[in-house]
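Report on the following structure.
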Protein chains: 2
Amino acid sequence: MTKSASLEKGLLVLNLLDGTEQPLGIREIARRLSMAPAVTQRMVSTLSEYNYVTQDPDSRKYKLGYRALSLGSNMLSDDALVSSAMPELRRLADLRNLNCYLGVVQRNSLVYVLAVQSSGPVAIRSAPGTVSHFHSTAMGKALLAATDEETARALLGSEPLAVLTSRTMTEIDAVLDDLGTVRRTGFATSIEENLPGIHGVGAVVRDASGKAVAGLSVAYSPQISPQQTIEAAARLVTEAADNVSRRLGCPLDRLINAV
Amino acid sequence: MTKSASLEKGLLVLNLLDGTEQPLGIREIARRLSMAPAVTQRMVSTLSEYNYVTQDPDSRKYKLGYRALSLGSNMLSDDALVSSAMPELRRLADLRNLNCYLGVVQRNSLVYVLAVQSSGPVAIRSAPGTVSHFHSTAMGKALLAATDEETARALLGSEPLAVLTSRTMTEIDAVLDDLGTVRRTGFATSIEENLPGIHGVGAVVRDASGKAVAGLSVAYSPQISPQQTIEAAARLVTEAADNVSRRLGCPLDRLINAV
DNA sequence: AAATTTTGTTCCTATTATCGGAACAAAGTT
DNA sequence: AACTTTGTTCCGATAATAGGAACAAAATTT
């Protein structure tokens with residue numbers, strides 16, 4: 001695969017600016033990326049022309065522009081999946097005080113597409129576009145369970161599983177074993193396996209062809225919400241996932257709580 | 001301002017892919033951008049390597065990748081303004097069934113940063129990053145009114161004002177005249193000036209230095225919500241804006257409803 | 001089922017955009 | 001007021017890019 005060096009440099013500038021809070025000057029960007037200031041200047045000027053970056057009028061430093069925000073937002077608004085899931089997530093977040101997520105598999109990665117924070121005390125931040133792990137999250141395990149073992153192994157990857165908490169499953173076979181339970185019950189759990197002190201419950205959303213197209217999950221802190229139980233959350237999640245699936249035209253017998 | 005031709009081509013590919021719903025093939029992208037297929041291939045490969053675009057495994061066509069989604073989302077989560085405003089918008093959207101927006105001025109453009117749709121029947125879509133007009137929206141006029149006439153003229157631009165509805169103000173001087181009322185009352189209105197059948201009310205948010213840093217607005221359809229009045233909406237909007245300003249450390253005497 | 005068009009992708013070299021040191025003016029700092 | 005550091009421009013040596021041609025794999029048509 002041949003690649004364009006100049007375009008790559010521009011993307012590196014975007015990545016850098018996306019990762020830093022404060023605006024950066026041309027020479028500082030150049031330093032961090034080991035590029036010549038003149039080159040950096042050219043990249044930044046081009047990015048600026050397309051509003052991917054903007055220059056602060058006072059400090060003359062650069063930060064991400066609004067195009068960085070708007071890029072990809074059409075993916076959300078034009079999407080049947082997103083518009084079907086949004087009301088369900090909002091309902092769960094508002095009425096039940098849960099942090100709700102919708103995610104899809106893209107290029108063997110688990111990507112969050114929607115994140116609706118509960119208005120309650122703990123907002124578990126996870127911005128759209130963020131990549132997460134299959135083996136440690138309830139959403140990830142729910143999606144794994146909807147595939148065969150071969151695909152699941154491919155999604156888990158060849159590298160050692162990342163250890164995120166003391167309860168993260170570290171063996172691929174242990175994860176695969178867990179999927180049997182997920183398939184039987186219709187939902188997956190993550191008991192402090194992804195974030196310390198956070199419980200998650202996830203289930204899959206299916207489209208008209210019955211294929212699993214997304215994972216829907218909720219997360220909460222049992223320390224702050226002691227009245228919340230896995231079982232109650234599982235009921236809410238599977239119902240919400242089924243509601244979305246129904247809206248996508250999924251056959252009724254493929255729903256988690258099939259009739 | 002010199003610019004990088006290759007980077008520009010890559011950005012054009014992103015713009016194209018962002019604007020089309022269906023995935024596009026290499027040769028189709030090349031055709032629409034008048035580029036050679038081999039060149040397009042190189043750009044797309046590079047963008048793909050950084051996950052800005054992904055290739056559909058079946059059709060081998062390309063669409064935006066998850067990096068297009070995640071780029072810029074840190075702007076939202078790390079931002080004091082956004083995290084201060086989000087709860088207020090959510091409250092207005094949920095309890096009062098209003099579509100709520102937060103926007104800032106960037107590079108002489110009015111950019112939506114947050115959009116919280118009401119769970120009610122009419123969701124007035126406006127994705128984050130979208131650019132809107134100063135002269136036709138309540139948020140825009142509120143922000144204009146917070147500046148002096150010279151700055152306001154600069155923000156309105158030199159081109160003729162876009163006509164969006166039959167009630168859109170088309171004369172710059174008429175808009176500037178209107179700002180006096182906005183300054184006196186503390187809020188701006190848009191009565192079907194931006195979207196037919198949609199009323200909007202907006203006010204400004206100020207930071208610790210008292211500077212207007214953002215506009216907060218709500219929109220609703222009076223046909224569907226006949227009980228809603230401009231006056232009631234104005235009270236909610238100015239209160240919400242003041243709450244956000246307070247959270248940003250704004251001096252109390254600079255608030256709209258000053259003590 | 002065979003023929004044909006269209007697809008994504010790679011190769012290659014003339015061409016052209018890019019690189020980066022040097023130079024400049026404007027801010028900021030000492 | 002002297003000095004440093006900043007964003008920005010210039011320009012010749014250089015290295016990356018452009019794009020036609022070629023290929024194999026799909027998709028389409030015959």
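Chain A is the first sequence line, chain B the second, and so forth, proteins listed ahead of strands; every chain is numbered from 1.
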Counting any heavy atom closer than 4.0 Å, what does B/Ala38 reach on the DNA or RNA strands: base, sugar-phosphate only, or nothing?
-> base
Would you tell me whether B/Tyr66 and A/Gln106 have side-chain atoms, one donor and one acceptor, within less than 3.5 Å of each other?
-> no
Interatomic distance, B/Arg42 CZ vs D/dG20 P [rounded to whole Å] | 13 Å
Give a yes/no on whether any side-chain N or O of B/Ser4 is located under 4.0 angstrom from OP1 or OP2 of C/dT18.
-> yes
Check: B/Arg60 side chain, D/dA26 base, donor-acceptor under 3.5 Å | no
Hey, is the side chain of A/Gln55 poking within less than 4.0 Å of OP1 or OP2 on D/dT6, counting only N and O atoms?
-> no
Within the pair B/Tyr62 and C/dT7, is there a side-chain N or O less than 4.0 Å away from OP1 or OP2?
-> no
Report yes if at least one side-chain N or O of B/Lys9 is closer than 4.0 Å to OP1 or OP2 of D/dT17; otherwise report no.
-> no
Is the side chain of B/Thr151 donor-acceptor paired with the backbone N or O of B/Thr147 at a distance under 3.5 Å, no angle test?
-> no
Looking for any heavy atom pair under 4.0 Å, which part of the strands does B/Lys61 touch: base, sugar-phosphate only, or nothing?
-> nothing
Lys/Arg N to Asp/Glu carboxylate O, A/Glu88 vs A/Arg247, below 4.0 Å = yes
Separation of D/dA18 atom P from B/Leu7 atom CG, nearest Å, is 12 Å
For the pair made of CG in A/Leu47 and P in D/dG7, what is the distance, rounded to whole Å?
-> 16 Å
Decide yes or no on side-chain hydrogen bond (donor to acceptor under 3.5 Å, both in side chains) for B/Ser245 and B/Asp242, but give the supporting numbers first.
-> CA-CA 5 Å; B/Ser245 299; B/Asp242 278 352; 4.7 Å; no
Counting heavy atoms from C-beta on, name the nucleotide in D/dA18, C/dT9, C/dA23 closest to the side chain of B/Met43.
-> D/dA18
Can you check whether B/Ser6 has a side-chain N or O nearer than 4.0 Å to OP1 or OP2 of C/dT18?
-> yes
How close or far is atom C1' of D/dT6 from atom CD1 of A/Ile29, stated in whole angstroms?
-> 13 Å
For A/Leu16, does its backbone N or O pair with a side-chain atom of A/Thr20 as donor and acceptor, under 3.5 Å?
-> yes
Is a donor on one side and an acceptor on the other found under 3.5 Å between the side chain of B/Arg206 and the backbone of B/Cys250?
-> no
Taking atom P of D/dT8 as reference, at what distance in whole Å does atom CD of A/Glu28 sit?
-> 15 Å
Per A/Val39 side chain, nearest of listed nucleotides D/dT6, D/dT17, C/dG20 | C/dG20
Take B/Arg27 and B/Ala36, find for each the nucleotide of DNA chain D with the closest heavy atom, and name the residue whose nucleotide sits nearer the 5' end.
-> B/Ala36
Check the distance between C/dT16's P and B/Met35's CE and give it to me in whole angstrom.
-> 18 Å
Any A/Gln41 side-chain nitrogen or oxygen under 4.0 Å from OP1 or OP2 of D/dG7 | no
Can you tell me which stems involve DNA chain C, if a stem is defined as three or more consecutive Watson-Crick or G-U wobble pairs, both distances under 3.5 Å?
-> C:1-27 with D:4-30
Can you tell me how far P of C/dC19 sits from CD of A/Glu8, to the nearest Å?
-> 12 Å
Carboxylate-amine/guanidinium proximity below 4.0 Å for B/Asp18 and B/Lys63 | no
Quick one: A/Leu24 CG to D/dT6 C1', roughly how many Å, whole number?
-> 14 Å
Does B/Thr46 reach the main-chain N or O of A/Ser4 with its side chain, forming a donor-acceptor pair under 3.5 Å?
-> yes
